[in-house]
Amino acid sequence: MTQKIRLLIALVLMSIILIGCGVQPGMPGISAPAPQVQDEQTRQLLREAQSAPPEEAASLRLEAADRLAEQGHDQEAFSILDSIDKRRLPPELGLSVALQQAVLAMNLDNPDTALRSLDFHALPPNLNQDEVIRLNMARAEAYDQLNNPINAARELISASQMTDDVDLQQSLHDQIWSLLKPTEAGVLDQAAQNRNNNFFEQGWFERAAMLANIKDMNEQQEKLFDWQLLWDQHPAALMPPRAVDTELATDLSPIPLTDQAQRVALFLPLQGDLANISRIITEGFVAAMQSAPMSHRVDVIMLDSTEIRMPEQLFHSARTQGADFIVGPLDRNFVNQLAQFPDHPLPVLALNPAEEGLNPPLQLDLSTDHEVSTLMRRTSELGYRNAMIIRSDNRSGERVEQSIKEAFQEQGGHIIASLTFRPTESNSEQIRQLLVQDAEIARTIPSRSRSGMSANISHETDVIFMVTEPRDARLIRPMLLYHFAGNIPVMATSQLFEGNPSAARDNDLSGITFIDVPWRLAEPSETRLAVQERRDNADANIGKLYALGADAFIISQNLPQLLQQHEIMGETGVLSLGHNRRISRELTWAQFNNGVPKLITE
C-alpha cells in the first residue's frame, strides 16, 4: 500500500466531525461477535449511545470505536461501526463512519469489505465535493491493497478533477503516477484500450503504457515528449507528476526590457521525468548560442525548477547569480503562478502557455493549436469554405479534429463530413462512405471504382484536413485517388511527416501538403547542423525540443524587436507576439512530391 495514500487517509480521519447514527445489518467479510469491552470509559460511551438521539448515538459509537482501535481491538471496533446505518446520517458523519470502517477493514487485511463500506449506495446522499474527494482517496487505498492499481488510479484521477487546490492536485498526480509507473505493461495496455475511459483516464493510461518496459533514458524521454505533444491539454501535461522525494486578460504590467541578454538563467527540471527533455532544450539553446556571432555569446546559469516552488524564490535565485533573462519554467502550474505575480524584475520566457493574468510572462510552446492556426490562415487565404476531416483513431486526433472544426466554423467554414479512420476495417469502403456525403460527389461518382480508370467528378468539398499517423495516411491517400477524389486538396498536420525523408516509404503520400516546424523542413541552419553532428534524433519528433531551445536563445537576443511587433524567423516557426504575451508560431508548408517533402516558399 502506498504510504502517501495512507498518510492522506490518516489526515482525513483527523479532520472528521463526529455527529449521529442509526442501525443496519452486519457487513459481510468480517464476522465478529458483539464486542466484549473491558475499558470502562468505552463501555460508558456505548451505554449512553443506547438511549441517545440518533446523531448523538452515532458520535458516541464512533468515539467508542476509535478508543477500541487505539487499544488494538480493530475487529471489535469494526463490529460497533457495522451497526450504523450511514445512509440516514448527515453527509459528514456518514462519511466519517465509512472512512473509519475502511481503515479498520484494511488493518484486518480485508480491502473488499473496506470497499463495501465505501460504496456510494451505502452512504448519505448529497455528499459535497470535498467529501467525494476524500471518499475517492479512501477507495483508492482499498484498491491498492487489492493489488488493483488501475482502479486505484481511476479513483485518484476522479478526485484530481474535482479540486481547484493546486497543492492537492499535484499530490494526487504524484500518487497516480506512483501507482501506474510500476504496473505491468500488459495491464496498462489493457487499461488504455478500454473504450469506456474518459479523457482524463485515457491520458494517464497512455502515458504509463508508452513508458512501460523502456529502460533507456533517451527513449523514455522521446516517448514522453511524443505523449506531451498529443496530450498537451491533459492535466498530467499541465502539471506533470513529480518524484516522491522532489520538493516541491487585463492591462498587462510592462516587461523589464534588456536589449540583449548577457546572462541567461535556464529554469528547467534537472530531476525526474522531464530532466532529459530539459537537457535537449538546453542543448538546443547552447547550439544556437555557439552558432551566433561572438557578440551574442551569453553566460548560461542552470536553475533546477524542482527545487524552486515560488516566483519570489525564482527571481531571488536568478538575480543573486546575476541573470538578466530567464528561460522557463516548463511546468504549467508555475507558469500560471508567474501570470498572477505582480512584479517581474527580470523578463521571463516560459515554455508552456499561461492562463489569463495581470502579468503573464512571455510564452513559447509546442502546442498543437499553433498548427490549427496555421491551417486556418491558409484556408482563409485560399477561400476554402467546405471541408472534410479524416483523422486517426486516437484521442489526440479527436482533440485536433475538434479544434479544427471549431476554428474552421468560426471563420465561416462548413464541415461536410468527418471520418475516424480504422485501418482494420475496409479502407476503400470507409473512404467511399466519407466522400458520398458530399452531394456533388454522390451524384457524379461512378457506381463502381476501378483502378486506373479516370473520371471527372464534381464536388463541393474545397479541402480535406488530414490528422493522421503516417501509416494511416499511406492507406488513405491511394483510396482517395481510387475513388476519383485525387483533385481535392489535402492539408495535413505535422503528424504526417516522420522527419527523415524516404521516397520509397512515402510515395503514397504524394500530393499532400502539410505543416511542420522549419527545423525539420527548411534548409538546415548552422544550429541544426551542429546538433545533427552530435545527435541522431535531431530530425525526429523529439528534435522539435532542440528547436524550442534554439528559439529561446533567439528571443533572448531579440526581445525589443519582438515587443515592437516585428516578426522573428525562428527554428519552430515565424515568431510574433500574440494575445496574453503568448508567442505565435507560423509554421512552414511542404508538399510530398514523389514521396519527398518539397518546401513551399510562395
Side-chain angles (χ1 to χ4, degrees), residues 132-133 136-137 139-140 143-144 148-163 169-214 220-242 273-274 332-333 352-353 366-369 371-372 389-406 418-425 467-469 471-472 493-495 541:
V132 173
I133 290 171
N136 286 137
M137 292 160 64
R139 288 172 59 84
Y143 278 121
D144 189 30
N148 189 334
I150 299 302
N151 279 351
R154 289 185 193 278
E155 296 291 339
L156 296 181
I157 292 167
S158 176
S160 71
Q161 297 313 305
M162 298 186 67
T163 179
Q169 284 179 335
Q170 184 67 71
S171 177
L172 288 168
H173 286 194
D174 297 346
Q175 293 173 60
I176 293 164
W177 193 240
S178 72
L179 287 166
L180 296 178
K181 188 174 182 180
T183 301
E184 294 178 0
V187 175
L188 294 169
D189 287 337
Q190 185 176 4
Q193 292 169 15
N194 188 334
R195 291 286 179 175
N196 294 321
N197 293 336
N198 60 36
F199 168 81
F200 306 105
E201 294 167 339
Q202 187 68 27
W204 278 108
F205 296 151
E206 286 192 16
R207 188 184 201 268
M210 288 177 70
L211 295 175
N213 291 339
I214 299 177
Q220 283 183 3
Q221 296 308 315
E222 182 159 358
K223 291 289 186 182
L224 184 60
F225 176 69
D226 288 343
W227 178 89
Q228 288 175 307
L229 286 180
L230 300 178
W231 291 90
D232 57 285
Q233 297 303 309
H234 190 273
L238 305 181
M239 187 184 292
R242 302 172 301 188
D273 287 343
L274 300 179
R332 179 73 69 89
N333 175 44
N352 228 328
L366 294 175
S367 302
T368 54
D369 49 358
E371 299 195 20
V372 174
I389 303 177
I390 305 175
R391 69 168 177 89
S392 290
D393 186 16
N394 52 44
R395 294 302 176 96
S396 62
E398 181 180 3
R399 289 188 299 107
V400 177
E401 175 194 18
Q402 186 60 34
S403 296
I404 289 175
K405 282 183 176 179
E406 292 174 359
S418 60
L419 167 67
T420 300
F421 181 77
R422 298 180 174 88
T424 56
E425 300 178 9
V467 187
T468 61
E469 302 293 337
R471 62 180 180 274
D472 289 347
T493 60
S494 64
Q495 285 178 277
N541 204 28

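Here, residue 1 is the first one in the sequence, and each next residue gets the next number. Basis for what follows: all heavy atoms, side chains included, without hydrogens, waters or symmetry-related copies.
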Novice: Restricting to pairs with a member in residues 153-162, which pass side-chain hydrogen bond (donor to acceptor under 3.5 Å, both in side chains), not counting sequence neighbours?
Specialist: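 The answer is N136-E155, R139-E155, R154-N197, R154-E201.
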Novice: Is the side chain of Q202 donor-acceptor paired with the backbone N or O of A192 at a distance under 3.5 Å, no angle test?
Specialist: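 Side chain of Q202 to backbone of A192, a donor-acceptor pair under 3.5 Å: yes, one is there.
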Novice: For S392 and N394, what are the C-alpha separation, side-chain angles and deciding distance, and is it a side chain to side chain donor-acceptor pair (under 3.5 Å)?
Specialist: CA-CA 6 Å; S392 290; N394 52 44; 4.5 Å; no
Novice: Sequence neighbours excluded, which residues qualify as side chain to side chain donor-acceptor pair (under 3.5 Å) partners of T183?
Specialist: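 By the side chain to side chain donor-acceptor pair (under 3.5 Å) rule, T183 matches no residue at all.
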Novice: Closest approach of P241 and A236, non-hydrogen atoms and distance?
Specialist: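 For P241 and A236, the tightest heavy-atom pair comes out as CD-O, 4.0 Å.
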Novice: Report the residues that fulfil side chain to side chain donor-acceptor pair (under 3.5 Å) with W231, sequence neighbours left out, ordered by chain and then residue number.
Specialist: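 With sequence neighbours excluded, W231 shows a side chain to side chain donor-acceptor pair (under 3.5 Å) to E206, given in chain and number order.
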Novice: Run the side chain to side chain donor-acceptor pair (under 3.5 Å) test against D226 and tell me which residues pass, sequence neighbours left out.
Specialist: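 Partners of D226 under the side chain to side chain donor-acceptor pair (under 3.5 Å) test: N541.
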Novice: Just to verify, what does E406 make a side chain to side chain donor-acceptor pair (under 3.5 Å) with, not counting sequence neighbours?
Specialist: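 With sequence neighbours excluded, E406 shows a side chain to side chain donor-acceptor pair (under 3.5 Å) to Q402, given in chain and number order.
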Novice: Please report the C-alpha distance between Q170 and D174 in whole Å, then the side-chain angles of each, then the deciding distance to 0.1 Å, and finally whether the side chain to side chain donor-acceptor pair (under 3.5 Å) criterion is met.
Specialist: CA-CA 6 Å; Q170 184 67 71; D174 297 346; 3.1 Å; yes
Novice: Can you name the closest pair of heavy atoms from A212 and L188 and give their distance?
Specialist: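 Minimum heavy-atom contact is CB-CD1, 4.0 Å.
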Novice: Please collect all salt bridge (Lys or Arg N to Asp or Glu O under 4.0 Å) contacts where either partner lies in residues 179-192, sequence neighbours excluded, each pair once.
Specialist: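 Applying salt bridge (Lys or Arg N to Asp or Glu O under 4.0 Å) to every pair that reaches into residues 179-192, excluding sequence neighbours, yields nothing.
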Novice: Under 30°, 30 to 60°, or over 60°: which ring-plane class applies to W177 and W204, parallel, tilted or perpendicular?
Specialist: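 Plane angle between 30° and 60°, so tilted.
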Novice: Can you give me the closest heavy-atom contact between D273 and L224, atom names plus distance?
Specialist: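 Scanning both residues completely, I find the closest heavy atoms to be O-CD2, 3.4 Å.
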Novice: Minimum heavy-atom separation for T468 and I390, please, with both atom names.
Specialist: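 Residues T468 and I390, closest heavy atoms: CG2-O, 3.6 Å.
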